[in-house]
Amino acid sequence: MAQRLEERILEYVKQHAAEGDPQSVVDHIDKYCSQNEWAMHVGDEKGLILDQVVKETNPTIVLELGTYCGYSATRIARLLKPGSRLLTVEMNPENAAVAKQMIQFAGVQDKVEILEGSTEVIIPSLKTKYGVDRVDFVFIDHFSERYTADTKLLEECQLIKKGSVLLADNVVFPGAPDFLEYVRTCGRYDCTYYPSHLEYSDKLDALEKAVFKGP
Ligand SMILES: Oc1cc(-c2ccc(F)cc2)cc2cncnc12
Ligand SMILES: [Mg+2]
């Protein structure tokens, strides 16, 4: 029995999902985490909203804050057009190691790059170190206390331009009240609220979409 929850999830996927099939990987993570052990993936219900926003945005460059086991990176990457790429930031090296294997197993490794470190250090290095000009879509799913600071950092680093889409998980539970206040009142975003439920639970949660109108 693998020591860590994240390793048990990866083991289950490797033994039961279809290698090279990202939908199968996503479905099996959902199956394990709804039947065996809860884990903090965005999940199937909020995942369908994520899918819809990714499809309507059709992004070329995606930034994800909070990789965890790679569930949402796999979920997003399966929808990306050829030539597009997803950069995902994870500060926990053990989770990054699991996510790397998950993404590899799903067969989306050519689209996904895992950046190990903290967002406050990595975001300012995206242009110089990772050759990013602008990000079209940002999935914010790390510590809710960092949502507002990292959003401001993306603006200051000129990584988001008019039309860039932010989508934030957990704006109800655990909650991101200052983020909601910021994007809804600063005047630079068009916001949409998507009520849903916490992953693998009947507790209420929601996603917030914030489309940047420009500086
Ligand atoms: O989706 C999420 C859920 C929870 C969480 C925590 C405590 C609890 F009781 C329930 C849920 C934590 C998260 C941290 N980072 C990113 N996403 C998360
Ligand atoms: Mg989350």
Side-chain angles (χ1 to χ4, degrees), residues 4-10 13 25-54 62-79 86-100 102-103 112 114-123 135 137-151 153-154 165-180 182-183 191-210:
R4 290 181 344 107
L5 166 61
E6 295 76 22
E7 287 158 353
R8 291 195 289 275
I9 297 167
L10 176 63
V13 165
V25 168
V26 164
D27 291 343
H28 282 83
I29 294 174
D30 286 330
K31 184 173 161 65
Y32 185 84
C33 292
S34 45
Q35 291 174 358
N36 305 319
E37 299 183 88
W38 187 93
M40 60 179 178
H41 317 294
V42 70
D44 44 352
E45 186 182 316
K46 290 185 289 179
L48 283 172
I49 300 167
L50 171 61
D51 289 354
Q52 172 213 319
V53 178
V54 170
V62 177
L63 175 66
E64 175 180 66
L65 308 181
T67 315
Y68 191 39
C69 297
Y71 174 94
S72 47
T74 301
R75 193 159 188 134
I76 294 167
R78 88 193 202 285
L79 300 175
L86 188 158
L87 302 170
T88 180
V89 184
E90 177 55 50
M91 69 183 297
N92 178 313
E94 293 177 320
N95 291 346
V98 166
K100 188 174 180 351
M102 191 75 79
I103 285 156
V112 181
I114 301 172
L115 312 181
E116 246 183 82
S118 72
T119 49
E120 63 216 77
V121 169
I122 289 189
I123 289 173
V135 293
F137 184 89
V138 187
F139 182 49
I140 307 174
D141 189 23
H142 56 335
F143 306 109
S144 45
E145 307 79 52
R146 284 289 319 168
Y147 282 21
T148 307
D150 286 342
T151 298
L153 200 50
L154 288 166
V165 175
L166 311 184
L167 184 68
D169 190 23
N170 309 118
V171 297
V172 167
F173 193 91
D178 58 303
F179 171 78
L180 289 181
Y182 177 67
V183 289
C191 298
T192 310
Y193 183 73
Y194 298 93
S196 185
H197 294 90
L198 181 68
E199 50 267 27
Y200 322 116
S201 157
D202 54 9
K203 283 178 77 69
L204 296 179
D205 191 10
L207 299 170
E208 181 85 354
K209 180 174 79 170

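Being a predicted model, the structure only gives us computed values, none of them experimental. Counting convention: from 1, in listed order, for ligands and their atoms alike.
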Do D178 and T148 get their side chains close enough for a donor-acceptor pair, meaning under 3.5 Å?
yes

Give a yes-or-no answer on whether the side chains of Y200 and D44 include a donor-acceptor pair shorter than 3.5 Å.
no

Not counting sequence neighbours, which residues clear salt bridge (charged side-chain N to carboxylate O under 4.0 Å, His left out) with D150? List them please.
R146

Applying a heavy-atom distance cut-off of 4.0 Å, which protein residues contact ligand 1?
W38, M40, D141, H142, D169, N170, F173, P174, L198, E199

So, do Y194 and V171 sit near enough that their side-chain heavy atoms are less than 4.5 Å apart?
no

Please indicate how many protein N/O/S atoms are found closer than 2.8 Å to the Mg ion (ligand 2), with waters neither displayed nor included.
3

Between D205 (side chain) and F173 (backbone), is there a donor-acceptor pair under 3.5 Å?
yes

Between NE2 of H28 and CE of M102, what distance do you get to the nearest 0.5 Å?
12.0 Å

Would you please name every residue forming a side-chain contact (heavy atoms from CB on, under 4.5 Å) with N92, sequence neighbours left out?
E90, E94, N95

Of V13, V25, D30, the residue whose pairing with Y71 passes side-chain contact (heavy atoms from CB on, under 4.5 Å)
D30

Would the Y68 and H142 ring centres measure less than 6.0 Å apart?
no

